[in-house]
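Right, one structure below, let's go through it.
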Amino acid sequence: MTEILAAVVEHADAPMALRRLHLDSPRADEILVRLVATGVCHTDATMWRQGVPVPQPVVLGHEGAGIVEAVGGDVRDVAPGDHVVMSFNSCGTCPSCRADAQSYCHEFFPRNFFGTRPDGSTTLVDAGGAPVFGNIFGQSSFATHALCRERNAVVVPRDVDLRIAAPLGCGILTGAGAVMKAQKVQRGQSVVVFGAGSVGLAAVMAAAVVGAATIVAVDLNADRLALARDLGAGMTIQAGADDPVAAVLAALPSGVDHAIDCTGNPRVIEQAVAVLGVRGECAIVGAAAPGTMFSADVSHVMSGGRVIRGVVEGDADPKTFIPELIALHRAGRFPFDRLIRFYPFAEINAAFHDSETGAAIKPVLLFD
């Protein structure tokens, strides 16, 4: 076992507490990673507050990057000393995984949210030997060390700055993938992104990379809209002051080719559907609590061949897409590092507070 320092959610209404825990040694198919950095994601906050129920006490975190310290005997493509970005977990054997659509793994929820290994065992115990739930997204990276598997560990070049690479495992991958992999936006098309957080701004940057002719960002926060303009949005709409549907249709009377909702807010999703042109597609990327409902005009959707679809993790294969995003960043075409604000690991609660208030777009925790 490895002694680690981890941020533990003990209760949904209490701050995370730094605790000394013990992490299992890697099993045959597992990899031990020493964390360098990990991103703070809205999904972590949702799990913390039980919007998506996870067992407690639990160590969250699912955008980890670090250095491999040990591997199990069955691991073939990852070795000690490798630098890795960790992403979501998947089974590798279901129909979706076999079709290279692992973000729709038939075991996605248990593999990422149950807090245990597939056999029900926990990877963490406290100082008294009591189990602590972990293995969130196959990593639980709010800790100095984490266990992952070969399927969700992406080896990156050793000269890549792991401090900025961490958010590539989920948030940045999700936004960029929604544009480049799920919707496959083409040069000359139009894109409207609802929500200019880290996911939405990654979508804006990706739309610029593929050559979208019109890129619109919608948000309540004026500062985030100003950044969206810097990152490629030719038009921004401050939702609190303007009617987004009216503003978009005034600029694009025939509607848009692609709308991306990064909020999970039913009213916003309805706006995203309403601005679609003929054969337009709305991607729902933002997470919402189970049972959340939205409405759509059936005639509007049917008569124009419009599409409404869900997108998980950007429809992306992290093994190939994360290196693609790194290459775009190195070429100066995908400056996602502009979204990041760094915090020491000990300031994890402040990082969450700043994320929730909008003071930080993508907090990243750094480990000594």
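Atom set for the values below is all heavy atoms of this structure, side chains included, hydrogens, waters and symmetry mates excluded.
Using a 4.0 Å cut-off between charged side-chain N and carboxylate O, Arg338 and Asp230 make a salt bridge. Under 4.0 Å is where a charged nitrogen must lie from a carboxylate oxygen, and between Asp354 and Arg341 at least one such pair does. In summary, Glu281 and Lys184 do not engage in a salt bridge, as defined by a charged side-chain N under 4.0 Å from a carboxylate O.
Looking at heavy atoms from C-beta onward, Val33 lies out of side-chain contact with Ile67 at the 4.5 angstrom threshold. Counting heavy atoms from C-beta outward, Arg19 and Leu124 have side chains that stay 4.5 Å or more apart. Taking the side chain as every heavy atom from C-beta outward, Phe142 and Leu365 approach each other to under 4.5 Å. The side-chain heavy atoms of Pro244 and Val275, taken from C-beta on, include no pair separated by under 4.5 Å. Side-chain contact between Ser90 and Arg111 is absent, with no heavy-atom pair separated by less than 4.5 Å. At least one side-chain heavy atom of Ile269 sits under 4.5 Å from a side-chain heavy atom of Asp261. Contact of the Met86 side chain with the Leu35 side chain is registered, since non-hydrogen atoms from C-beta on lie closer than 4.5 Å. A 4.5 Å side-chain heavy-atom check between Ile31 and Val75 finds at least one atom pair inside the cut-off.
In this structure, Phe88 has its ring center at least 6.0 angstrom away from the ring center of Phe137.
Val68 and Val85 fall within a single hydrophobic cluster, where Ile, Leu, Val, Met, Phe, Trp and Tyr side chains are chained together by heavy-atom contacts under 4.5 Å.
Judged by the 6.0 Å and 45° rule, Arg163 forms a cation-pi pair with Phe342.
A donor-acceptor contact shorter than 3.5 Å links the side chain of Glu30 to the backbone of Arg27. Proximity of a side-chain donor or acceptor of Asp242 to a complementary backbone N or O of Ile237 within less than 3.5 Å is not detected. With Ser355 contributing its side chain and Ala351 its backbone, the two residues share no donor-acceptor pair below 3.5 Å. Listed for the Asn152 side chain is a donor-acceptor partner under 3.5 Å among the backbone atoms of Gly138. With Asn112 contributing its side chain and Phe109 its backbone, the two residues share no donor-acceptor pair below 3.5 Å. Using a distance-only test at 3.5 Å, with no hydrogens or angles considered, a donor-acceptor pair links the side chain of Lys362 to the main chain of Val40. Between the side chain of Glu63 and the main chain of Gly171, a donor-acceptor pair closer than 3.5 Å is present. Distance alone, capped at 3.5 Å, places no donor-acceptor pair between the Glu10 side chain and the Met16 backbone.
Side chains of Gln56 and His11: a donor-acceptor N/O pair is absent below 3.5 angstrom, by distance only. Asp257 and Ser190 share a side-chain donor-acceptor pair at under 3.5 Å. A donor atom on one side chain and an acceptor atom on the other are not found under 3.5 Å apart for Asn89 and Arg151. Checking Asp219 against Gln238 by side-chain atom types alone, no donor-acceptor pair falls below 3.5 Å.
Exactly one of Leu162, Asp159, Asp161, Val155 qualifies for a side chain to side chain contact (heavy atoms under 4.5 Å, CB included) with His83. That residue is Leu162.
By the 30° and 60° cut-offs, the orientation of the rings of Trp48 relative to Phe352 is perpendicular.
In Arg309, the CZ atom is crowded: over 12 heavy atoms of neighbouring residues, nucleotides or ligands sit closer than 6.0 Å.
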